[in-house]
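What follows is a single structure, written as structure tokens, with notes after it.
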Amino acid sequence: MNKKTNISDSELIEAICASGTLEQAIVQLYEDHGTITRSFIMGKGGTEQDAEDIFQETIVSFIDTVQKGKFRQESGIRTFLISISKNLWYNEIRRRQRAGNREKLYVADFEPGDAILDDVIGNRELKQLLSQMLNDLGESCKKILELFYYENLSMKEIVSHMHYENEQVVRNKKYKCLQQLTDKMKQDPDTAKQINELIF
């Protein structure tokens, strides 16, 4: 695929699916849709770094959808990318709110009371359940997911911790690890139910 402006959605989809043209297709996605998609995230309260992180996760998700033949082109690529970004960003907001609420609860209830004890026990149970599944994913997946979700490190910080080539490599690895974790949860619905109850 030769890089050009005004490439059609159909041509871009073909480039994503064809052998040897994926990298050029990704460049085209960034050029055609990066600015407006990142602006959408920033318009919803995200920082510039948030917008960049979410957009890169969006690209990974979109490519996976296309390569699995699940993108039916019922909407344009730009509309679809913004929809993915919106879902990812709102999930991230909810994750941050849960983390903030847990911290507020800890501070508010520290002078003794059953609420803080229940909260600590809940977190321990959650970590134990997730830890069992993470162990089965292998050391690298376990490390990435723990650094991101438990320690709230950025992709850049994870690169320095784990010595990956760059942030995109970490994002791709994290995405694949999450897919593996999702598959394991589907195979063990009882544990998945317990995790959901503790999180939500």
Taking all non-hydrogen atoms of both residues into account, name the closest pair between L137 and C177 and its distance. CD1-O, 4.0 Å

Salt bridge present between E92 and R95 (N-O < 4.0 angstrom): yes

If hydrophobic clusters are built from ILVMFWY residues whose side chains come within less than 4.5 Å, do L88 and I41 share one? yes

May I ask whether M162 and Y175 are part of the same hydrophobic cluster, defined by side-chain heavy atoms of I, L, V, M, F, W, Y residues being less than 4.5 angstrom apart, directly or through others? no

Closest contact, heavy atoms only, H163 versus S160: CE1-O, 3.6 Å

I want to check something: taking the side chain as every heavy atom from C-beta on, are I59 and I84 in contact at a cut-off of under 4.5 Å? no

All heavy atoms of E167 vs all of K156, minimum pair found to be OE2-CB, 3.6 Å

Side-chain touch K174/M155, heavy atoms, less than 4.5 angstrom: yes

Same cluster or not: are I36 and M42 linked, directly or through other Ile, Leu, Val, Met, Phe, Trp or Tyr residues, by side-chain heavy atoms under 4.5 angstrom apart? no

Please report the shortest heavy-atom distance between V170 and V159, naming the atom on each side. CG2-CG2, 3.6 Å

Do the side-chain N and O atoms of T47 and D50 include a donor-acceptor pair separated by under 3.5 angstrom? yes

Do F80 and T65 make a side-chain contact, defined as non-hydrogen atoms from C-beta onward lying under 4.5 Å apart? yes

Side chains of Q56 and E52: do they bring a donor and an acceptor to under 3.5 Å? yes

Same cluster for F71 and L22 if Ile/Leu/Val/Met/Phe/Trp/Tyr side chains link at under 4.5 Å? yes

Look only at the side chain of W89 and the backbone of K44, and say whether a donor-acceptor pair between them is shorter than 3.5 Å. yes

Side chains of T37 and S85: donor-acceptor distance under 3.5 Å anywhere? no

Honestly curious: do V60 and I16 fall in one hydrophobic cluster under the side-chain, below-4.5 Å linking rule? no

If only side-chain N and O atoms count, and only distance matters, is there a donor-acceptor pair under 3.5 Å linking T21 with Q24? no

I'd like to check I158 versus K143 (side-chain heavy atoms, cut-off strictly below 4.5 Å). Are they in contact? no

Any Lys/Arg nitrogen of E48 or R38 sitting under 4.0 Å from an Asp/Glu carboxylate oxygen of the other? no

If I compare all heavy atoms of C17 with all of V66, which pair ends up nearest, and what's the gap? SG-CG1, 3.6 Å

Should we say atom NZ of K86 is surrounded by more than 12 heavy atoms from elsewhere, each under 6.0 Å from it? no

